[in-house]
Asker: 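The structure that follows is given in the form of C-alpha cells.
To find a chain, count down the sequence lines: A is the first, B the second, and so on, and within it residues start at 1.
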Protein chains: 2
Amino acid sequence: MRIGELARATGTKAETIRYYEREGILPLADRTDGNYRDYSPEHLATLTFIRRARELGFGMEQVRLLLDLSDRADKPCEEVDLMVEGQLAEVDRKIADLTRLREELSRMLRSCQADRIGECRVVESLSGRR
Amino acid sequence: MRIGELARATGTKAETIRYYEREGILPLADRTDGNYRDYSPEHLATLTFIRRARELGFGMEQVRLLLDLSDRADKPCEEVDLMVEGQLAEVDRKIADLTRLREELSRMLRSCQADRIGECRVVESLSGRR
DNA sequence: ATGCACCTTGTAGCCACTACAGGGTCAAGC
DNA sequence: GCTTGACCCTGTAGTGGCTACAAGGTGCAT
C-alpha cells in the first residue's frame with residue numbers, strides 16, 4: 001500500500017504520515033524498488049489508532065504512551081484508564097475556560113447600547129475600564 | 001515606566017511586550033539614556049487592551065483591527081459588534097467540539113469493564129474496531 | 001517519447017509566545 | 001571606587017503538530 005492510498009484510507013495527508021515517521025511514532029515502511037514507501041495492514045491499524053487518539057485531543061507524547069500500552073495485552077487497563085481520565089479532565093477544563101469566555105463576550109455584546117465607538121461599552125470593557 | 005514595571009502591571013512577560021513591539025501592535029517606547037524602554041500611561045492602556053482582547057480569544061490580526069477601531073470614537077459600533085459576534089460564534093464552535101470529545105472520552109471510560117488491556121474496550125475503540 | 005499522477009527529500013512557515021545566550025545599565029552598600 | 005545584584009538590551013531558536021512548497025525521481029498509459 002502506497003502512501004497516498006494510506007492517506008486516503010485514514011484521512012491523513014501524506015506529509016503528515018511522513019511527519020509521524022520522522023517522529024518515530026509510525027514505524028518505518030518497507031520500500032519498493034523505486035524507493036516508494038510500502039505500507040502493511042499493521043501500519044494502517046497503527047495510523048488509525050494515532051489519528052483517533054489525536055482527534056480525542058491526546059498530544060503526541062501521550063499517543064506514544066498509548067501505543068506502547070496497547071501492545072501489552074496482559075497489562076491491567078489501569079494506566080490507559082488514567083490517561084483517558086486525565087484527558088477528560090483536561091477537556092473539562094477547556095470547556096470551563098471557553099464557557100467563561102463565552103459569557104463575557106455575550107455580556108459585552110448585550111452591554112452595547114450606544115451606536116458610536118466613543119460611548120461603546122464593548123470598547124470600554126476591552127480597555128479595562130469597567 | 002520601565003518594561004518590568006509594565007510587565008507586572010499587566011501580567012505580561014517582558015519578552016512578550018518586546019514581541020508586541022516587534023509585531024507593531026504596541027507602539028515604540030521612548031528610550032532612556034541607558035537605552036531602556038520608557039513607557040507612558042498610553043502604552044499601559046494599549047497593552048491592557050491587547051491583553052484583554054487576547055484573553056477573550058481574539059487573534060493578533062483581530063486585536064490590531066480592534067485597536068484601530070477603538071481609536072475612531074465617531075464610527076458606529078457595528079464593526080466592533082460584528083467582530084465580537086464572530087468571536088462568540090467561534091467560541092461556541094469550540095465548545096461544541098470539546099463537548100463531543102468529552103462525551104466520547106466518557107463513553108470510552110464507562111465501556112471498560114475488563115481489567116487487561118487485551119480485552120480493554122478503551123484500546124479497542126482507539127483502534128477503530130468498534 | 002510524452003504526459004500525468006504519484007512519489008522522494010529537504011526546508012520553511014504557521015501562531016503567539018517563551019527561553020535562552022551574551023552582554024550592558026543602574027543604584028545601593030562597603 | 002568597586003562589587004553585587006536586579007534589571008535591561010538584542011538576537012536567535014524552540015514549542016506543537018502539522019502544512020506547504022521546491023526540485024527532482026518513478027510508474028504507467030497512450
Side-chain angles (χ1 to χ4, degrees), chain A residues 1-26 28-40 43 46-67 86-87 90-91 94 97-98 101, chain B residues 1-26 28-40 43 46-67 87 90-91 93-94 97-98 101:
Chain A
M1 178 179 220
R2 301 203 305 194
I3 199 168
E5 204 178 339
L6 182 61
R8 277 187 300 278
T10 57
T12 313
K13 309 214 166 172
E15 281 105 333
T16 304
I17 296 175
R18 286 191 282 260
Y19 164 72
Y20 289 153
E21 180 186 294
R22 267 201 311 285
E23 290 297 298
I25 203 168
L26 188 66
L28 288 172
D30 289 343
R31 295 293 181 128
T32 65
D33 291 351
N35 199 33
Y36 286 7
R37 286 173 182 81
D38 185 20
Y39 291 99
S40 70
H43 283 104
T46 302
L47 182 54
T48 302
F49 187 105
I50 293 169
R51 293 305 285 181
R52 285 206 31 79
R54 291 284 307 118
E55 279 164 18
L56 287 169
F58 289 100
M60 294 288 275
E61 280 317 305
Q62 288 172 303
V63 173
R64 228 182 278 270
L65 283 172
L66 286 168
L67 278 171
Q87 179 59 17
E90 183 76 14
V91 169
K94 284 184 183 159
D97 286 353
L98 285 170
L101 276 200
Chain B
M1 175 178 223
R2 302 202 303 194
I3 199 168
E5 205 179 339
L6 182 61
R8 276 186 299 277
T10 57
T12 312
K13 308 212 167 171
E15 280 105 333
T16 304
I17 297 175
R18 286 190 283 258
Y19 164 73
Y20 288 154
E21 179 186 293
R22 268 200 313 284
E23 290 298 296
I25 204 168
L26 186 66
L28 288 173
D30 289 343
R31 295 293 181 129
T32 64
D33 291 350
N35 198 33
Y36 285 9
R37 286 173 183 80
D38 185 20
Y39 290 101
S40 70
H43 282 103
T46 302
L47 182 54
T48 302
F49 187 105
I50 293 170
R51 293 304 284 182
R52 282 204 38 76
R54 291 285 305 118
E55 279 164 16
L56 287 169
F58 289 101
M60 293 289 274
E61 279 319 303
Q62 288 172 302
V63 173
R64 229 182 277 270
L65 284 171
L66 285 168
L67 277 170
Q87 180 59 17
E90 184 75 13
V91 168
R93 218 177 40 69
K94 283 184 184 162
D97 287 353
L98 286 170
L101 276 200

Asker: At 10 degrees resolution, what angle do the end axes of the helix from C:dA1-D:dT30 to C:dC30-D:dG1 form when each is taken over five base pairs?
Answerer: 30°
Asker: Of the nucleotides C:dC17, D:dT19, C:dT9, which has the atom closest to the A:Y19 side chain?
Answerer: D:dT19
Asker: Rounded to whole angstroms, how far apart are CD on A:Q62 and P on D:dG16?
Answerer: 12 Å
Asker: Taking the nucleotide of DNA chain D with the closest heavy atom to each, which residue, B:R8 or A:M60, is nearer the 5' end?
Answerer: B:R8
Asker: From the options D:dC18, C:dT18, C:dT9, select the nucleotide whose nearest atom is closest to the side chain of A:R37.
Answerer: C:dT9
Asker: Provide, to the nearest angstrom, the distance between the CD atom belonging to A:E90 and the C1' atom belonging to D:dG16.
Answerer: 14 Å
Asker: Between B:F58 and B:K13, which has a closest nucleotide on DNA chain C that is more 5'?
Answerer: B:F58
Asker: Examine C:dT8: is either OP1 or OP2 under 4.0 Å from a nitrogen or oxygen in the side chain of A:R18? Give yes or no.
Answerer: yes
Asker: Strictly under 3.5 Å: I want the nitrogen or oxygen pairs between protein and nucleotides 26-30 of chain D, one per line.
Answerer:
| unit_1 | atom_1 | unit_2 | atom_2 | d |
| --- | --- | --- | --- | --- |
| D:dT26 | O4' | A:Y36 | OH | 3.3 |
| D:dT26 | O2 | A:Y36 | OH | 3.0 |
| D:dG27 | OP1 | A:G34 | N | 3.3 |

Asker: Output yes when B:R64 and B:E61 qualify as a salt bridge under the 4.0 Å nitrogen-oxygen rule, no when they do not.
Answerer: yes
Asker: Could you state the atom-to-atom distance from CD of B:E61 to C1' of C:dC14 in whole Å?
Answerer: 13 Å
Asker: Distance check needed: D:dG11 C1' versus B:E23 CD, whole Å only.
Answerer: 15 Å
Asker: Show me the donor-acceptor pairs, under 3.5 Å and distance only, between side chains in residues 2-9 of chain B and residues at least two apart or in other chains.
Answerer:
none

